[in-house]
2 protein chains.
Amino acid sequence: MTELSGQTQDPLKAGGMSRIQEKNRSLILDAALGEFSKKGFSGATVERIAADAGMSKSNLLYYFSSKEAIYNATLAHILEVWLAPLKTLRPEGEPASELAAYIRQKIEMSATFPEASRLFANEVMQGAPQILPILETELKRLVAEKSQVIEDWIAAGKMRRVDPVHLIFTIWATTQHYADFSVQIRALTGRDLSDPDFFEETVSSVTSLILNGAGLVWPPENGLAE
Amino acid sequence: MTELSGQTQDPLKAGGMSRIQEKNRSLILDAALGEFSKKGFSGATVERIAADAGMSKSNLLYYFSSKEAIYNATLAHILEVWLAPLKTLRPEGEPASELAAYIRQKIEMSATFPEASRLFANEVMQGAPQILPILETELKRLVAEKSQVIEDWIAAGKMRRVDPVHLIFTIWATTQHYADFSVQIRALTGRDLSDPDFFEETVSSVTSLILNGAGLVWPPENGLAE
DNA sequence: TTGCATCTTGACCATTTGGTCAAATCCCTC
DNA sequence: GAGGGATTTGACCAAATGGTCAAGATGCAA
């Protein structure tokens, strides 16, 4: 296992790709996400990924030079999407609506891409062998930036004094929990985020807990104030 | 992989065990926890567990009949400890202090047994192949019982109306997050729960967010009331 | 000390699995 | 439609790994 941050693992990813290449790489990445998220890196087999993608193992290895390369590509493929919601926190917005929107987005991600969440969780739990450099640079920068936004809201008296980093961790933890532990949640409640009612119930419960926890008014009063 | 709920995987676990058996089984379980939590079921190797436990692979397989048996024993060994804190929620207590104590206990567990947390998370994320029956019976019963406790507090006007199950999920998610994602947390903050200051900071942040989120007064006012 | 059960191990085996390679086959350009 | 590169695959290989087994070492009771 080596790094993934820098250039592309396998060449010709970005630039010129024949239709067939494009299609096959995409099929492989989809299959790989399923496999890796279900079995973890070690538990996944190249053979099964290839079968899921509808091709021979040899052919898969024509597109990606090794199992690790597939894994890294899958991770990279997800990562941006997975971290995107945090970027949408707007300093000009009101904390309540901004945080509520962020939480909803995160839960939507958990509902729509639970495999991505599990893959990410798996990677981090194993010590983040591939993405540690990214966590330490890009993500750290992003968290610092958004912490400052929250800090400013606090300084402006718009919300209770809470540690911004722990607030972010709490949001990550709760929202991702519904994807990562969906089996447990289904065992306990009989439902999960794929059920629209349960989805809304979850958004509502988590949002109200965290926003009220941060000293914000939620749900917003009838609205016509100010 | 078969079930684990019922009897002991390997015989002679409970009753008569020679000193040497007792010692070796314990060494094995310790080593297994380390390995399984670090690499997952598939990634762990019997050879390495044996080495960590200071014995030959053959000898390990004299004590546990298979890799799966070690895994199940490890899981069983942890499970009770891991779920114990929830049992301590006392209906007679005040919601604020009861929940605060529960949260602290859970974070203490995350600090003291992070491997257990990760092993559990791993198992559940892979679909809980071994412990699903336990989740569906024992844990479900326990959660229902404690949800009722919270429900009663709400009915008694002692706390805001929140969905008890989601409240429990939120507590699990946040507290376990600090163990399962400790690498990410270290990457972002430079610290983790093994740092006493960070530990207290975490307890304080999480408790205050969740308790205030539940409409409770936290930290408690000077105290001498009522 | 002796005899027996417990304990321990190295040698060995079958299977799984990541990866290579040379031989096809497909697809596109000229 | 011929030539050549891109694509695809089965055969094959070496390493890793879970598990077996027979033989030897060790501990313990009488």
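Letters A, B, ... mirror the listed sequences (proteins, then strands); counts begin at 1.
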Is there a side-chain contact between [X] and the phosphate of [N], meaning an N or O under 4.0 Å from OP1 or OP2?
| X | N | answer |
| --- | --- | --- |
| Q21(A) | dA6(D) | no |
| R19(B) | dC28(D) | yes |
| N24(B) | dT6(C) | no |
| Y63(B) | dT8(C) | yes |

Polar atom pairs (N or O), protein with nucleotides 16-21 of chain D, under 3.5 Å:
from: dG18(D); atom 1: OP1; to: A44(B); atom 2: O; distance (Å): 3.3
from: dG18(D); atom 1: OP1; to: K67(B); atom 2: NZ; distance (Å): 3.1
from: dG18(D); atom 1: OP2; to: V46(B); atom 2: N; distance (Å): 3.0
from: dG18(D); atom 1: N7; to: K57(B); atom 2: NZ; distance (Å): 3.0
from: dG19(D); atom 1: OP2; to: K67(B); atom 2: N; distance (Å): 2.6
from: dG19(D); atom 1: N7; to: K57(B); atom 2: NZ; distance (Å): 3.2
from: dG19(D); atom 1: O6; to: K57(B); atom 2: NZ; distance (Å): 2.8

Round to a whole Å and report the spacing from [atom1] of [X] to [atom2] of [N].
| X | N | atom1 | atom2 | result |
| --- | --- | --- | --- | --- |
| N59(A) | dA11(D) | CG | C1' | 16 Å |
| R25(B) | dC7(C) | CZ | P | 11 Å |
| L60(A) | dT17(C) | CG | C1' | 14 Å |
| I20(A) | dT25(C) | CD1 | P | 16 Å |

**Prompt:** Is it the case that R25(B) places NZ or CZ above or below the six-membered ring of F64(B), under 6.0 angstrom from the centre and within 45 degrees of the axis?
**Reply:** yes
**Prompt:** In terms of ring plane angle, is the pair H177(A) and F181(A) parallel, tilted or perpendicular, where the classes change at 30° and 60°?
**Reply:** parallel
**Request:** Measure the acute angle between the ring planes of Y71(B) and F41(B), then classify it against the limits of 30° and 60° as parallel, tilted or perpendicular.
**Result:**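 Perpendicular, since the angle between the ring planes exceeds 60°.
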**Message:** Can you tell me which nucleotide in dT6(C), dC28(C), dA6(D) comes closest to the side chain of Y62(B)?
**Reply:** dT6(C)
**Fill in**
M55(B) has its side chain closest, among dT9(C), dT8(C), dT8(D), to dT9(C)
**Message:** In the structure I gave you, are the side-chain heavy atoms of F169(A) and I185(B) within less than 4.5 Å of one another anywhere?
**Reply:** yes
**Asked** If we only count heavy atoms from C-beta on, is the H166(B) to L209(A) side-chain gap below 4.5 Å?
**Response** no
**Message:** Let me confirm one number: the NE2-CG distance from H77(B) to N72(B), rounded to the nearest 0.5 Å.
**Reply:**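 It is 14.0 Å, given to the nearest 0.5 Å.
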